[in-house]
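Encoded as C-alpha coordinates, the structure appears first; notes follow it.
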Amino acid sequence: EAGVAQSPRYKIIEKRQSVAFWCNPISGHATLYWYQQILGQGPKLLIQFQNNGVVDDSQLPKDRFSAERLKGVDSTLKIQPAKLEDSAVYLCASSLDQSRGDGYTFGSGTRLTVV
Amino acid sequence: AQSVTQPDIHITVSEGASLELRCNYSYGATPYLFWYVQSPGQGLQLLLKYFSGDTLVQGIKGFEAEFKRSQSSFNLRKPSVHWSDAAEYFCAVGGTQAGTALIFGKGTTLSVSS
(Lines give C-alpha, C1' and ligand atoms only; values in the text may rest on other atoms or scores of the structure.)
Protein backbone atom coordinates (compact mmCIF):
# COMPACT_ATOMS: atom_id res chain seq x y z
CA GLU A 1 0.00 0.00 0.00
CA ALA A 2 1.13 3.56 -0.58
CA GLY A 3 2.54 5.33 2.47
CA VAL A 4 1.74 8.68 3.99
CA ALA A 5 2.71 11.39 1.51
CA GLN A 6 3.97 14.77 2.62
CA SER A 7 5.11 17.82 0.72
CA PRO A 8 7.26 19.73 0.44
CA ARG A 9 10.25 17.80 1.84
CA TYR A 10 12.15 20.96 2.70
CA LYS A 11 11.21 24.60 3.15
CA ILE A 12 13.24 27.64 4.09
CA ILE A 13 11.43 30.86 4.91
CA GLU A 14 12.14 34.10 6.69
CA LYS A 15 10.54 34.84 10.03
CA ARG A 16 7.13 36.42 9.82
CA GLN A 17 6.43 34.71 6.50
CA SER A 18 3.73 32.10 6.10
CA VAL A 19 4.10 28.47 5.07
CA ALA A 20 1.83 25.50 4.43
CA PHE A 21 2.43 21.78 4.56
CA TRP A 22 0.34 19.09 2.92
CA CYS A 23 -0.33 15.51 3.95
CA ASN A 24 -2.12 12.67 2.20
CA PRO A 25 -2.71 9.76 4.58
CA ILE A 26 -3.03 6.10 3.75
CA SER A 27 -6.34 5.39 2.08
CA GLY A 28 -8.98 4.41 4.59
CA HIS A 29 -7.14 5.70 7.64
CA ALA A 30 -9.63 7.64 9.70
CA THR A 31 -7.20 9.22 12.12
CA LEU A 32 -4.60 11.76 11.08
CA TYR A 33 -1.97 13.42 13.25
CA TRP A 34 0.45 16.30 12.87
CA TYR A 35 3.57 16.17 15.03
CA GLN A 36 6.35 18.69 15.45
CA GLN A 37 9.84 17.29 15.97
CA ILE A 38 12.45 19.79 17.05
CA LEU A 39 16.06 18.72 16.61
CA GLY A 40 17.14 16.43 19.43
CA GLN A 41 13.64 15.86 20.74
CA GLY A 42 10.87 13.37 20.27
CA PRO A 43 7.81 14.20 18.20
CA LYS A 44 5.20 16.37 19.92
CA LEU A 45 1.56 16.19 18.92
CA LEU A 46 0.14 19.37 17.42
CA ILE A 47 -3.29 18.20 16.31
CA GLN A 48 -5.29 15.02 15.86
CA PHE A 49 -8.18 14.54 13.44
CA GLN A 50 -10.76 11.79 13.41
CA ASN A 51 -12.17 11.86 9.89
CA ASN A 52 -12.61 15.60 9.34
CA GLY A 53 -13.21 16.54 12.96
CA VAL A 54 -10.60 17.77 15.44
CA VAL A 55 -10.11 15.44 18.40
CA ASP A 56 -7.21 17.17 20.14
CA ASP A 57 -5.55 20.49 19.34
CA SER A 58 -4.58 21.40 22.87
CA GLN A 59 -0.89 21.79 21.97
CA LEU A 60 -1.41 23.70 18.74
CA PRO A 61 -0.28 27.36 19.04
CA LYS A 62 -3.52 28.66 17.64
CA ASP A 63 -2.35 32.24 17.36
CA ARG A 64 -0.10 31.21 14.47
CA PHE A 65 -0.82 27.60 13.54
CA SER A 66 -3.91 26.29 11.82
CA ALA A 67 -4.84 22.94 10.32
CA GLU A 68 -7.70 21.47 8.42
CA ARG A 69 -8.69 18.14 6.99
CA LEU A 70 -11.12 18.58 4.17
CA LYS A 71 -13.46 15.71 3.41
CA GLY A 72 -11.66 13.57 5.95
CA VAL A 73 -8.75 12.79 3.66
CA ASP A 74 -5.93 15.24 2.91
CA SER A 75 -4.77 17.72 5.48
CA THR A 76 -2.88 20.99 5.49
CA LEU A 77 -0.96 22.61 8.32
CA LYS A 78 -0.26 26.33 8.11
CA ILE A 79 1.99 28.64 10.06
CA GLN A 80 1.41 32.37 9.85
CA PRO A 81 3.54 34.22 10.83
CA ALA A 82 6.51 31.91 11.37
CA LYS A 83 8.98 32.37 14.21
CA LEU A 84 12.55 31.14 14.50
CA GLU A 85 11.50 28.55 17.08
CA ASP A 86 9.18 26.94 14.53
CA SER A 87 12.22 25.43 12.81
CA ALA A 88 11.55 21.70 13.04
CA VAL A 89 10.45 18.65 11.12
CA TYR A 90 6.69 18.43 10.76
CA LEU A 91 5.53 14.85 10.64
CA CYS A 92 2.16 13.64 9.47
CA ALA A 93 0.91 10.24 10.54
CA SER A 94 -2.25 8.24 10.08
CA SER A 95 -3.76 5.19 11.70
CA LEU A 96 -6.57 2.88 10.69
CA ASP A 97 -8.44 2.70 13.96
CA GLN A 98 -7.14 4.21 17.16
CA SER A 99 -9.66 2.28 19.21
CA ARG A 100 -7.75 -0.87 18.33
CA GLY A 101 -4.43 0.62 19.32
CA ASP A 102 -3.09 0.47 15.82
CA GLY A 103 0.35 1.88 15.33
CA TYR A 104 0.83 4.95 13.25
CA THR A 105 2.31 5.15 9.78
CA PHE A 106 4.45 8.25 9.44
CA GLY A 107 5.33 10.27 6.40
CA SER A 108 8.91 11.34 5.75
CA GLY A 109 8.20 14.79 7.12
CA THR A 110 8.74 18.38 6.05
CA ARG A 111 11.88 20.02 7.36
CA LEU A 112 11.19 23.71 8.00
CA THR A 113 13.97 26.19 8.54
CA VAL A 114 13.01 29.70 9.63
CA VAL A 115 15.78 32.28 9.19
CA ALA B 1 0.97 13.30 33.94
CA GLN B 2 1.56 10.98 31.03
CA SER B 3 5.17 10.82 29.96
CA VAL B 4 7.90 8.67 28.50
CA THR B 5 11.51 8.74 29.65
CA GLN B 6 14.43 7.40 27.67
CA PRO B 7 17.36 7.80 30.06
CA ASP B 8 20.10 7.30 27.48
CA ILE B 9 20.58 10.07 24.96
CA HIS B 10 23.33 8.33 23.03
CA ILE B 11 24.62 4.76 23.08
CA THR B 12 27.52 3.25 21.16
CA VAL B 13 27.63 -0.51 20.63
CA SER B 14 30.14 -2.64 18.78
CA GLU B 15 28.84 -4.50 15.76
CA GLY B 16 27.78 -7.98 16.80
CA ALA B 17 27.29 -7.01 20.43
CA SER B 18 23.94 -7.06 22.20
CA LEU B 19 21.81 -3.97 22.69
CA GLU B 20 19.33 -2.78 25.27
CA LEU B 21 17.59 0.58 25.06
CA ARG B 22 15.70 1.69 28.14
CA CYS B 23 12.22 3.16 28.30
CA ASN B 24 10.16 4.10 31.34
CA TYR B 25 6.64 5.45 31.15
CA SER B 26 4.03 7.12 33.28
CA TYR B 27 0.44 6.52 32.19
CA GLY B 28 -2.82 6.54 34.08
CA ALA B 29 -4.52 3.65 32.36
CA THR B 30 -3.22 0.42 30.91
CA PRO B 31 -0.75 1.63 28.34
CA TYR B 32 -0.18 0.59 24.81
CA LEU B 33 3.54 0.76 24.12
CA PHE B 34 5.51 1.18 20.94
CA TRP B 35 9.06 1.40 19.69
CA TYR B 36 9.84 3.36 16.54
CA VAL B 37 13.10 3.80 14.63
CA GLN B 38 14.07 6.86 12.64
CA SER B 39 16.93 6.93 10.16
CA PRO B 40 18.37 10.31 9.11
CA GLY B 41 15.97 12.21 6.91
CA GLN B 42 13.30 9.55 7.22
CA GLY B 43 10.00 9.25 8.98
CA LEU B 44 9.45 6.95 11.92
CA GLN B 45 9.08 3.24 11.31
CA LEU B 46 7.23 1.00 13.74
CA LEU B 47 9.49 -1.72 15.20
CA LEU B 48 7.05 -3.38 17.56
CA LYS B 49 4.08 -2.80 19.82
CA TYR B 50 2.60 -4.16 23.02
CA PHE B 51 -1.11 -4.25 23.74
CA SER B 52 -1.70 -7.13 26.09
CA GLY B 53 -0.84 -10.76 26.70
CA ASP B 54 2.70 -12.06 26.44
CA THR B 55 4.98 -9.43 27.91
CA LEU B 56 7.81 -10.27 25.51
CA VAL B 57 7.00 -9.00 22.04
CA GLN B 58 8.87 -9.62 18.83
CA GLY B 59 9.30 -7.00 16.18
CA ILE B 60 10.92 -6.45 12.83
CA LYS B 61 14.66 -6.53 12.15
CA GLY B 62 15.31 -8.94 15.02
CA PHE B 63 14.22 -6.57 17.79
CA GLU B 64 12.24 -7.56 20.84
CA ALA B 65 10.93 -5.70 23.87
CA GLU B 66 9.75 -6.73 27.30
CA PHE B 67 6.94 -5.06 29.18
CA LYS B 68 7.44 -4.96 32.96
CA ARG B 69 4.42 -3.45 34.65
CA SER B 70 6.03 -3.40 38.10
CA GLN B 71 8.90 -1.30 36.77
CA SER B 72 6.85 0.75 34.29
CA SER B 73 9.39 -0.20 31.68
CA PHE B 74 9.40 -1.35 28.08
CA ASN B 75 13.04 -1.94 27.14
CA LEU B 76 14.12 -2.73 23.61
CA ARG B 77 16.68 -5.45 22.95
CA LYS B 78 18.58 -7.01 20.11
CA PRO B 79 21.01 -9.93 20.53
CA SER B 80 23.44 -8.88 17.81
CA VAL B 81 23.62 -5.38 16.40
CA HIS B 82 24.35 -4.69 12.74
CA TRP B 83 25.88 -1.48 11.39
CA SER B 84 22.59 -0.73 9.64
CA ASP B 85 20.87 -0.47 13.04
CA ALA B 86 22.51 2.90 13.64
CA ALA B 87 19.58 5.30 13.96
CA GLU B 88 17.44 7.10 16.50
CA TYR B 89 15.00 5.05 18.54
CA PHE B 90 11.84 6.36 20.11
CA CYS B 91 9.65 4.78 22.73
CA ALA B 92 5.99 5.86 22.78
CA VAL B 93 2.95 5.28 24.96
CA GLY B 94 -0.70 5.72 24.12
CA GLY B 95 -4.24 4.55 24.55
CA THR B 96 -7.12 3.48 22.39
CA GLN B 97 -9.55 6.25 23.19
CA ALA B 98 -10.00 9.16 20.83
CA GLY B 99 -7.86 12.05 21.99
CA THR B 100 -5.10 9.89 23.44
CA ALA B 101 -2.48 10.22 20.76
CA LEU B 102 0.96 8.72 21.19
CA ILE B 103 3.37 10.44 23.53
CA PHE B 104 6.99 10.02 22.56
CA GLY B 105 10.19 9.99 24.53
CA LYS B 106 13.10 12.19 23.50
CA GLY B 107 14.82 9.33 21.77
CA THR B 108 18.10 7.42 22.02
CA THR B 109 20.69 7.73 19.29
CA LEU B 110 22.42 4.44 18.55
CA SER B 111 25.88 4.42 17.01
CA VAL B 112 27.48 1.16 15.90
CA SER B 113 31.24 0.83 15.90
CA SER B 114 33.16 -1.70 13.83
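Numbers restart at 1 for each chain; the letters A, B, ... are given by sequence-line order, proteins then strands.
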Output the residues of residues 104-114 of chain B for which the shortest heavy-atom distance to chain A is under 4.5 Å, in residue-number order; output 'none' if no such residue exists.
B/Phe104, B/Gly105, B/Lys106
Are A/Leu46 and B/Ile103 connected into the same hydrophobic cluster when the rule is that any two of I, L, V, M, F, W, Y join if their side-chain heavy atoms are below 4.5 Å apart?
no
Heavy-atom side-chain proximity of A/Leu91 to B/Leu44 below 4.5 angstrom:
yes
Inspect the surroundings of NZ in A/Lys62 and state if more than 12 heavy atoms from other residues, nucleotides or ligands are less than 6.0 Å away.
yes
Indicate, with yes or no, if A/Trp22 and A/Val89 share a hydrophobic cluster defined by side-chain heavy-atom contacts under 4.5 Å among Ile, Leu, Val, Met, Phe, Trp and Tyr.
no
Could you look at B/Gln38 and say if it's the side chain, the backbone, both or neither that has a heavy atom under 4.5 Å from chain A?
side chain
B/Leu102 and A/Tyr104, any side-chain heavy atoms less than 4.5 Å apart
yes
Where on A/Gln6 is there a heavy atom nearer than 4.5 Å to chain B: the side chain, the backbone, both, or neither?
neither
Can you hop from A/Leu60 to A/Leu32 via hydrophobic side chains spaced under 4.5 Å?
yes
Calculate, to the nearest 0.5 Å, the distance between atoms OG1 and CG belonging to A/Thr105 and B/Leu46 respectively.
8.0 Å
Check this for me: A/Leu84, atom CG, are more than 12 non-hydrogen atoms of other residues, nucleotides or ligands nearer than 6.0 Å?
yes
Honestly curious: do B/Leu33 and B/Phe63 fall in one hydrophobic cluster under the side-chain, below-4.5 Å linking rule?
yes
Heavy atoms from other residues, nucleotides or ligands near CD1 of B/Ile9 exceed 12 (cutoff 6.0 Å)
no
Going by chain and number, the hydrophobic cluster around A/Ile12 (ILVMFWY, side chain to side chain under 4.5 Å) further includes A/Val115
CD on A/Gln37 to CZ on B/Phe90, rounded to 0.5 Å
4.5 Å
Assert yes or no for the condition that the ring centre distance of B/Tyr36 to A/Phe106 is strictly below 6.0 Å.
yes
Same hydrophobic cluster for A/Leu45 and A/Phe21, using side-chain heavy-atom links shorter than 4.5 Å among ILVMFWY?
no
